[in-house]
Amino acid sequence: MRLSQFLAKTLRDDPAEAETANHRLMLRTGMIQQIAAGVYSYAPLALRSLAKVETIVREEMNAAGGQEVKLPALQPRELWVQTGRDAAFGPDLLRLKDRRERDLVIAPTHEEAVTLLVKQHLQSYRDLPQLVYQIQTKFRDEPRPRGGLVRVREFDMKDAYSFDADAESLDETYQRMVQAYRNIFRRCGIPAVMIEADSGAIGGKDSHEFIMPTEIGEDTFIQCPDCGYAANAERAAFQRPPAPAGEPLPVEEVHTPGLTTIAELVNFLSVTPEQTLKAVFYVADGEMVFVSVRGDLEVNEVKLKRLLGANDLHYATDEEVEAAGLVAGSASAVGLTGVKSVADESVHVGANFVVGANRRDWHLLNANTPRDFVPDLVGDIALAEAGHRCLQCGGEFIAERGVEVGHVFKLGTFFSEALNATFLSPEGSLQPAIMGCYGIGIGRLLAATIEHNRDERGMRLPPNVSPFQVYLAALNAEDAAVAEAADGVYRALTDAGFETLYDDRAESAGVKFNDADLFGFPVRVVVSPRNLRQGVAEVKRRDADSAHLVSLEDTAATVKGLLAELVALLAE
RNA sequence: CGGGCAGUGGCGCAGCUUGGUAGCGCGCUUCGUUCGGGACGAAGAGGUCCCGGGUUCAAAUCCCGGCUCCCCGACCA
């Protein structure tokens, strides 16, 4: 492809809306154009890279035994009502009506559709296992898209679904997919950490996310440096830090005028945060929930949501709190009636807590469970943070940010039961298939790849993700001898099968070098009057400081060698 | 959904306080000179100043209403 004819114009200034490096680079190279919040057009340069990423994903899915299918984006809403996900997805689900006023959705994911498809071909345990996948456009009406392609409303996703006859078989499929994912991320040149993840409201035992560590990431994950335990912060289990224990002392009321926060209480009463209980109010599916957690910990809403089995969970508004007769700032589970009460297990670690008196400006000393209050539910609902201790080995957690580039998930039988995807077992009984699902956002993976593979000059793309493999620059392209030689090199590279972007523009050397670095293709070839006098071309790896001078005839062979080096680096 | 910022040629921005000719840098076109890390000169092209309403002789600028985008948070099977 000749750059002079290619639909790509680079920008010299960074577009104002781009905050992250990958977004900035994609805009400056003209790869993408935003058309609405979280909706993008993809120019040829981007599409080429996306296609490469898709190829990697396809190859690995096929190698893992996947069969490619294509499921519809447009689906009857009734199907989603049937599985309860019309409600579960809430406003993120894009809904519309057709000309006959029938309710439709544009699918954000495809468990329903795939279950129906596989069900049609499923009768016996002999038909299992099955692994199908597709690469297809999803629509999610995200409340806040951000960060270029990292979080968008319309995006291409590889989603795979497995159907197995029993748990052991699912385990095997799951492990095969985990390995496929590791291969994919390695080939894209990014490090990905596999962490335990929240499995969400819909059933399922195991769930793992693949996270690429980066400060621009949206997710926080916890790692134990000692035993290797790694989990999303919204999921991580941890030891509750110790707190002073002792025999229960008599409850005392204490006047605490104007004090509402843990910090104020701790200061006023000369106690430590872990000697207090914090009260937080939520509304879960319309029901007021009173939540207690020790003062040194934070409530983790994801854990809470799961413990409650709630679809919708939000902080109670002031009106809702008042309507329930609760006293913000001085509330506690002691003497609480008529409101569901939930507590973190940390209420069992320590004793003689300071709690609210459910009366403005008063608190209680020496509250203990079960003597003074008995929560309706006790569980792990506290947020794991850096410095907490590992439940498995006692190691001290570190916390890191990252982008979720993949998610694997044991679904169980939620969908197969709801939609009757059953098979006859060897014993002759009808069983629901056990499902798993596995997702990778293609555009997000490209964004992560760019975020990780770059320097201050631009991208440094791995050869199998880069839109082109070679950037061929003709300096002083209007010089007939240069043009002729460069044309020859271009033909040789093309004939040798290398995708080459040929910079034949009448631009200065500086412009071409800068654009070459910005585009970040793995290999750059320069034909110039200076080189030509010695009968050579210059061949340079994007990530190298120095170039090779080789005869024009040897250029393609040298390029081949450098690309092979780069591919070999990825295999390590 | 709460809080904050902003919308002016393709990109980055100024002008708005104090109403009166729409401006700068980059990019683009033509000509000439240059030619290995974002060259120089000259001459040009390109704008419903987000939209609607109002005030006024006159609105990018003031007032009212709306839309959109970005950032923080909430949210994100």
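Note on naming: letters A, B, ... go to the chains in the order of the sequence lines (proteins, then strands), and numbering restarts at 1 for each one.
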- Item | A:Lys540 vs B:rG36: side-chain N/O to OP1/OP2 distance below 4.0 Å | no
- How far, in whole Å, is B:rG3 from B:rC67 if one measures between their P atoms? 15 Å
- Find the distance A:Ile216:CD1 to B:rC70:P and express it as a whole number of Å. 16 Å
- Query: A:Tyr490 and A:Thr500: side-chain donor and acceptor closer than 3.5 Å?
  - Reply: no
- Item | Any A:Ser508 side-chain N or O less than 4.0 Å from OP1/OP2 of B:rC35 | no
- Task: State which of B:rC72, B:rC76, B:rG36 makes the closest approach to the side chain of A:Arg144.
- Result: B:rC72
- State whether the distance check finds a donor on one side and an acceptor on the other, under 3.5 Å, for side chain A:Glu507 versus base B:rG38. no
- Query: Does a nitrogen or oxygen in the side chain of A:Arg12 sit under 4.0 Å from OP1 or OP2 of B:rC26?
  - Reply: no
- Reading nucleotides 8-15 of chain B from the 5' end, what letters show protein touch, with B for base, S for backbone sugar-phosphate only, - for no heavy atom under 4.0 Å? ---BSS--
- Query: Going by modelled atom types, is there a donor-acceptor pair between the base of B:rG73 and the side chain of A:Arg146 at under 3.5 Å?
  - Reply: no
- How many Å lie between CZ on A:Phe513 and C1' on B:rG36, as a whole number? 5 Å
- Task: Ignoring the backbone of A:Ala37, work out which of B:rA77, B:rC70, B:rG38 is nearest its side chain.
- Result: B:rC70
